[in-house]
Amino acid sequence: MSKQKKSRATPAKRKNFAKGKNTDGIARHSSERGSAPTQKGPPWLYGRHAVIAALSNPKRNCLRLVASDDFVKAHGEELRTALAATERKRPETEILTRQEIEDLIVSGVHQGIALQLDPLPRTTLEDILPDLAERDSAVIVALDQATDPQNIGAILRSAAAFGAQGVIIPDKNAPEVTAAMAKAACGALERLPFIRVTNLSRSLDQLKEEGFWSVGLDGYAETTLSKIDLKGKTVLVMGSEGTGLRRLTREKCDFLAKIPISQAVESLNLSNATAVSLYEIARQKEG
């Protein structure tokens with residue numbers, strides 16, 4: 001998509017409005033003229049779904065919210081609902097041009113809205129184990145050597161869509177949460193536990209103690225995923241696109257399974273393979 005540089009807002013358009021006193025309930029102001037915005041301090045989140053979900057999340061400490069006038073006209077009601085969704089203090093909305101928003105976030109397709117905020121508090125596996133112990137049926141996605149932020153974000157989105165209870169990933173060599181990951185997750189980062197663990201093998205053992213069966217996806221497995229009983233508590237273990245599951249991770253799996261695909265392609269993208277697998281799990285649970 002081409003970017004058209006827009007003129008800076010005039011002083012009249014930069015007028016400040018007291019919160020709650022303008023017609024749509026969103027305060028408008030902008031940065032000082034003459035300054036050159038640079039990305040510094042706490043990270044920025046951008047994109048409609050990612051920002052709306054973060055504003056609605058009571059665990060988020062939000063610092064600065066900027067939006068284009070077009071975004072507010074199109075999604076003002078959704079934005080106001082998100083701002084009122086939690087009792088936690090939320091920043092007033094600053095109306096900037098799309099170019100000014102691009103200058104703030106440096107890169108990324110922002111869709112006319114961006115939010116500066118503190119990272120989410122880390123969730124541990126121990127935090128969710130009590131809830132998992134009470135369930136007869138549950139799904140956890142375990143990522144072994146996933147490194148692409150957008151792929152991980154897409155997996156979070158699929159995991160939330162198919163009712164998984166969390167996604168776990170080894171802390172070593174795993175990317176930090178980025179704006180690109182959050183945008184690809186389409187709000188799922190705010191709704192689903194995303195857990196970084198020190199030792200994936202040990203975490204699989206912990207889940208096994210809670211009644212989970214680990215199913216590893218392996219393109220060379222003899223059994224297809226649909227032949228395995230996935231109705232109870234399941235850990236879906238996904239390896240990297242290049243090397244697949246590590247040896248120790250593979251040995252920890254109770255089952256290895258493959259997705260039957262045409263010989264026209266060598267393999268599926270990691271996020272696509274995860275989505276197909278989660279659909280099969282959901283299909284069996286409803287059957």
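Just so it is clear, the model here is predicted, and its values are computed rather than measured.
The ring-ring contact (aromatic ring centres under 6.0 Å, His included) test applied to Phe71 returns His75, not counting sequence neighbours. Annotation: side chain to side chain contact (heavy atoms under 4.5 Å, CB included) contacts of Thr274 (sequence neighbours excluded): Val141, Ile155, Leu236, Met238, Leu270, Leu278. Residues passing the salt bridge (Lys or Arg N to Asp or Glu O under 4.0 Å) test with Arg191: none are found, sequence neighbours excluded. The side-chain hydrogen bond (donor to acceptor under 3.5 Å, both in side chains) check on Asn57 picks up Glu190, with sequence neighbours excluded. Remark: Gln150 pairs with no residue by the side-chain hydrogen bond (donor to acceptor under 3.5 Å, both in side chains) rule, at least two apart or across chains. Scanning for side-chain hydrogen bond (donor to acceptor under 3.5 Å, both in side chains) contacts around Gln165 gives an empty result, with sequence neighbours left out. Take Arg246 and apply the side-chain hydrogen bond (donor to acceptor under 3.5 Å, both in side chains) test, not counting sequence neighbours, and it matches Asp144.
Within the structure, salt bridge (charged side-chain N to carboxylate O under 4.0 Å, His left out) pairs that include any residue of residues 43-56 comprise Arg48-Glu78 (at least two apart or interchain). Residue pairs meeting the salt bridge (charged side-chain N to carboxylate O under 4.0 Å, His left out) criterion with at least one partner in residues 130-143, sequence neighbours excluded, are Asp131-Arg135. Applying the salt bridge (charged side-chain N to carboxylate O under 4.0 Å, His left out) definition to pairs two or more places apart or across chains, those involving residues 205-221 are Asp205-Lys252, Lys208-Asp254, Asp218-Arg250.
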Which side-chain N or O atoms in residues 168-186 pair as donor and acceptor under 3.5 Å with protein atoms at least two apart or in another chain?
unit_1 : atom_1 : unit_2 : atom_2 : d
Asp171 : OD1    : Arg196 : NE     : 2.7
Asp171 : OD1    : Arg196 : NH2    : 3.4
Thr178 : OG1    : Met181 : N      : 3.1

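The shortest side-chain heavy-atom distance between Phe194 and Leu156 falls under the 4.5 Å cut-off.
Aromatic ring pairs are classed by plane angle as parallel below 30°, tilted from 30° to 60° and perpendicular above 60°; the pair Phe255 and Trp213 is tilted.
The hydrophobic cluster around Leu248 extends to none of the other residues, as no ILVMFWY side-chain heavy atom falls under 4.5 Å of it.
In plain terms, the two heavy atoms of Glu102 and His110 that are nearest each other are CG-NE2, 3.2 Å.
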